[in-house]
Amino acid sequence: MLHPAAVRHPYYLALPESEQEEIVAEAEDTTAPGELLSVTLEDRSKFTAEEWAEIMKQVEAGEVLLFDTLEEEADYYLALPESERE
């Protein structure tokens, strides 16, 4: 699962983890609590069964994107024009 801040930073995944954490921390004030843009199947273990079921409902409704892997998710966001990353 990529934090919305990652979408706005073109090299987020290439940064050391400490810098990724700084970017996320700085963005926390501007990102709505619980705002979820996308998940990967690998993220399933991070949620309870009930939470995952709700996320899948959001996926089915087109509100949240679902990717097989983190790499696929990152490739999607990095391919977006910079103007759409904000």
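All values derive from a computational prediction rather than experimental measurement. Computed over heavy atoms, backbone and side chain alike; hydrogens, waters and symmetry mates excluded.
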Requested in this report: Test side-chain contact (heavy atoms from CB on, under 4.5 Å) on I55 and V39 and set out the steps.
Outcome: CA-CA 9 Å; I55 291 169; V39 292; 3.9 Å; yes
Report task. Starting from the C-alpha separation in whole Å, work towards a yes-or-no answer on side-chain contact (heavy atoms from CB on, under 4.5 Å) for E72 and T40. Result -> CA-CA 9 Å; E72 185 181 290; T40 69; over 6 Å; no
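- Remark: the S38 side chain and the Y77 side chain contain an N/O donor-acceptor pair separated by less than 3.5 Å.
- Partners of T48 according to the side-chain contact (heavy atoms from CB on, under 4.5 Å) rule, which considers only residues two or more places apart in sequence or in another chain, are E50, E51.
- Here the CG atom belonging to L66 is positioned 12.0 Å from the CD atom belonging to Q58, to the nearest 0.5 angstrom.
- Taking CG of L70 as the start and CG of D75 as the end, the distance is 9.5 Å to the nearest 0.5 Å.
- Residues forming a salt bridge (charged side-chain N to carboxylate O under 4.0 Å, His left out) with E54 (at least two apart in sequence, or on another chain): K57.
- One distance of note links CH2 of W52 with NZ of K46; it measures 9.5 Å at 0.5 Å rounding.
- Between atom CG of residue L37 and atom CD of residue E63 there is a gap of 12.0 Å, rounded to the nearest 0.5 Å.
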